[in-house]
2 protein chains.
Amino acid sequence: MSRSATGTIFSIQSLAEEERIPLKFLEQILLILRKGGIMHSRRGAGGGYQLVRPATRITVGEILELVDGPIELLPDGNSLSPGLTSAFQELQGEMQAWLTKMTLADVMQREQLRGAVSFDI
Amino acid sequence: MSRSATGTIFSIQSLAEEERIPLKFLEQILLILRKGGIMHSRRGAGGGYQLVRPATRITVGEILELVDGPIELLPDGNSLSPGLTSAFQELQGEMQAWLTKMTLADVMQREQLRGAVSFDI
DNA sequence: GAAAATCCAGACAAAATTAATAGGGAATCT
DNA sequence: AGATTCCCTATTAATTTTGTCTGGATTTTC
């Protein structure tokens, strides 16, 4: 019963129990994901959350940026030398590229290959 | 008068003044680099620090690991799903590869290209 | 022996990060 | 109306990180 299938709807509570995450904690994360355009929600009885797009079109980078904020190796007002700054910008670019290629579907496939616990979100 | 030339010796104090870093702070860093086998030091009058190897054979990753500890995207006792863990391990591997290819000489060349402040260490 | 310089262990505070908790408000279904 | 479920803001607590400072001890040169 994969919650990562596009149409599947589920409640915060049910997911919180399965993953053993505090309900109020999970609530905040899902809220962020909805505002970020990754999930859709419906209130009231029978409501819940569901993915807006198929997992093949949701990237890890997208989720990470929403939840953790922008991926930046360099601090905002960085005092590093221009050469180091340039180098780290390059690395950061490579990380971004990777994070943009890696989709939620890719990650879920890796769960399968490892044959372990089922994973959702 | 580049301090990154292999033979050049300099004192903590002179570098601290130039870079406007607290002397005692810089001292700790240089100490780490020496223990890590990147720098050599000589005590007493006329002593100081110098690079052991040419900058072409010192990598940014080496320095970073010494100063900041191991580069790890995943926390030590990570509770992530196996699929996510696997994915992040892959990314971490790519970062490591990049950091191992990028040498101090490469960084210094970028300083030149940007024509800005001279940079040492 | 005096001066110059590194060596070393530890204490400290401010800031940032992370995880969690709290308490109600608003919409929707039956 | 009442139950269900998401919505929203704020606060707390614990931990880690970062930068800095203290106070010497040791080695080397002159």
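Here is how names work: the chains are called A, B, and so on, in the same order as the sequence lines, proteins then strands, and each is numbered from 1.
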Take atom [atom1] of [X] and atom [atom2] of [N], then tell me their distance rounded to the nearest Å.
X	N	atom1	atom2	result
B/K35	C/dC8	NZ	C1'	7 Å
A/E17	D/dT5	CD	C1'	14 Å
A/Y49	D/dT4	OH	P	19 Å
A/L15	D/dC6	CG	P	10 Å
B/M39	C/dA5	CE	C1'	15 Å
A/I9	D/dC6	CD1	P	8 Å
A/L31	C/dA27	CG	P	14 Å
A/L23	D/dT5	CG	C1'	10 Å

Side chains of B/Q13 and B/E18: do they bring a donor and an acceptor to under 3.5 Å? no
B/Q89 and B/E72: side chain donor to acceptor below 3.5 Å: no
Exactly one candidate in A/R53, A/K101, A/R57 meets salt bridge (charged side-chain N to carboxylate O under 4.0 Å, His left out) with A/E62; the answer is A/R53
Looking only at the side chain of B/S11 (C-beta and beyond, no hydrogens), which of the listed nucleotides D/dC8, D/dT5, C/dA5 gets closest? C/dA5
Are OP1 or OP2 of D/dT5 and a side-chain N or O of A/S41 less than 4.0 angstrom apart? no
Please list, pair by pair, any protein nitrogen or oxygen found under 3.5 Å from a nitrogen or oxygen in nucleotides 26-30 of chain D.
from: D/dT26; atom 1: O2; to: B/R43; atom 2: NH1; distance (Å): 3.3
from: D/dT27; atom 1: O4'; to: B/R43; atom 2: NE; distance (Å): 3.3

Output yes when a side-chain donor or acceptor of [X] lies under 3.5 Å from a complementary backbone atom of [Y], and no otherwise.
X	Y	answer
B/T85	B/S81	yes
B/E111	A/G83	yes
A/E65	A/P70	no
A/Q28	A/K24	yes
A/Q50	A/S41	no

hydrophobic_cluster_shared for A/I12 and A/V67, side chain cutoff 4.5 Å: yes
I'd like a list of close polar pairs between nucleotides 11-22 of chain C and the protein, N/O only, cut-off under 3.5 Å.
from: C/dT21; atom 1: O4; to: A/Q28; atom 2: NE2; distance (Å): 2.6

